[in-house]
J.: 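Please read through the structure below; I'll follow up with questions.
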Amino acid sequence: MGQIMKTYLGLFFLLITGMVGIGVVTAGIQSAAARNYHSDVISEIECSNFNASVVAACQNQAEEEGYGLEVKMMSYDPQGHTRVAEVILHYEYAIPVLNLVTDHQVRGFAK
C-alpha cells in the first residue's frame, strides 16, 4: 500500500513540474515574440523617417496585439528635426500555473 502512495505522489509531482516547465517555456516564447515585434516597430519608424501617422499606426496596431507602445521623439539638431525616438514596448510576462503575471518592457532607440 505504501508503494502505491509513493508512486502516485511521484506522478503528481512530475505532473506539476511538467506544467510549470510548459508555463516557463510559453512565457519565454511570448517574451521573444515581444522583442521581435519591438524590433519590427523600430525598423518601421526608421524607414518612415519618423512620420507621425506611421507612429500612430504602430501604436494602434500594438494595442490590438495586446502590447503597450510608447514612442518619445527627441531632437538633437539645431533645426529641430527629429533624429532619435525612444521606443518602449510593454508586455505581460505570464506563467499561469504559478499565477504569476508581471509587466515587462523592452526599450530601444530608432535612429
J.: Measuring only between side-chain heavy atoms, which start at C-beta, is Val71 closer than 4.5 Å to Cys58?
T.: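 Val71 vs Cys58: side chains apart.
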J.: Going by the salt bridge (charged side-chain N to carboxylate O under 4.0 Å, His left out) test, which pairs reach into residues 9-38, not counting sequence neighbours?
T.: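 Matches after skipping sequence neighbours: none remain.
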J.: Which residue pairs pass the salt bridge (charged side-chain N to carboxylate O under 4.0 Å, His left out) test when at least one of the two sits in residues 50-68, sequence neighbours left out?
T.: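 Matches after skipping sequence neighbours: none remain.
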J.: Once rounded to the nearest 0.5 Å, what's the spacing between atom CE of Met19 and atom CG of Leu98?
T.: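 Between Met19 CE and Leu98 CG, I get 10.5 Å after rounding to 0.5 Å.
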J.: For Val25, what are the other residues in its hydrophobic cluster, where any two members join if their side-chain heavy atoms are less than 4.5 angstrom apart?
T.: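 For the cluster that includes Val25, the remaining residues are Ile29.
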J.: Look at atom CD of Gln59 and say whether more than 12 heavy atoms of other residues, nucleotides or ligands are closer to it than 6.0 Å.
T.: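 Atom CD in Gln59 is packed in, count exceeds 12.
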J.: Only counting residues at least two apart or in another chain, list the ones meeting side-chain hydrogen bond (donor to acceptor under 3.5 Å, both in side chains) with Thr7.
T.: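 Residues passing side-chain hydrogen bond (donor to acceptor under 3.5 Å, both in side chains) with Thr7: none at all.
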J.: I'd like to know if the side chain of His90 and the backbone of Glu70 have a donor-acceptor N/O pair within less than 3.5 Å.
T.: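 It does not hold such a pair.
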J.: Which residues satisfy the side-chain hydrogen bond (donor to acceptor under 3.5 Å, both in side chains) test with Ser43, sequence neighbours excluded?
T.: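 Listed in chain order: nothing, the list is empty.
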J.: Can you list every pair that meets ring-ring contact (aromatic ring centres under 6.0 Å, His included) and has a residue in residues 8-32, with sequence neighbours left out?
T.: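 ring-ring contact (aromatic ring centres under 6.0 Å, His included) check on residues 8-32 returns no pairs.
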J.: Output all residues satisfying side chain to side chain contact (heavy atoms under 4.5 Å, CB included) with Asn36, sequence neighbours left out; order by chain, then residue number.
T.: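 Partners of Asn36 under the side chain to side chain contact (heavy atoms under 4.5 Å, CB included) test: none.
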J.: Taking a hydrophobic cluster as the set of Ile, Leu, Val, Met, Phe, Trp and Tyr residues connected by side-chain heavy atoms closer than 4.5 Å, whether directly or through intermediates, do Tyr93 and Ile88 fall within one such cluster?
T.: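 They do not share one cluster, since no chain of ILVMFWY contacts under 4.5 Å joins Tyr93 to Ile88.
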J.: Keeping Tyr37 on the side-chain end and Ala62 on the backbone end, is there a donor-acceptor pair under 3.5 Å?
T.: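 Answer holds: yes.
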J.: Return each pair, listed once, that meets salt bridge (charged side-chain N to carboxylate O under 4.0 Å, His left out) where at least one residue sits in residues 40-56; pairs must be two or more places apart or across chains.
T.: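 Listed by first then second residue: nothing to list.
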J.: Could you work out, with side-chain hydrogen bond (donor to acceptor under 3.5 Å, both in side chains) as the rule, every residue matching Gln61, not counting sequence neighbours?
T.: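 With neighbours one apart ignored, the set is empty.
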J.: Restricting to non-hydrogen atoms, name the atom on Ala94 and the atom on Ala27 that form the minimum distance, rounded to 0.1 Å.
T.: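 The pair with the smallest heavy-atom distance is O-CB, 3.4 Å.
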J.: Is Phe50 reachable from Leu89 through a run of hydrophobic residues whose side-chain heavy atoms are each under 4.5 Å from the next?
T.: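 In one cluster: yes.
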J.: Return a table of donor-acceptor pairs under 3.5 angstrom between the side chains of residues 100-111 and protein atoms on other chains or two or more places apart.
T.:
unit_1 : atom_1 : unit_2 : atom_2 : d
Thr102 : OG1    : His104 : NE2    : 3.0
Gln105 : OE1    : Arg107 : NE     : 2.9
Gln105 : OE1    : Arg107 : NH2    : 3.1
Arg107 : NH1    : Glu86  : OE2    : 2.8

J.: What heavy-atom pair brings Tyr91 and Ser31 nearest, and what distance separates the two atoms?
T.: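 Smallest interatomic distance, heavy atoms only, reads OH-OG, 3.0 Å.
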J.: Which residues pass the side chain to side chain contact (heavy atoms under 4.5 Å, CB included) test with Thr26, not counting sequence neighbours?
T.: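 Partners of Thr26 by the side chain to side chain contact (heavy atoms under 4.5 Å, CB included) criterion, ordered by chain and then number, come out as Ile22, Gln30.
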J.: Do Leu9 and Ile16 sit in one hydrophobic cluster, given that two such residues count as connected whenever their side-chain heavy atoms are within less than 4.5 Å of each other, even indirectly?
T.: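 Yes, Leu9 connects to Ile16 through the hydrophobic network.
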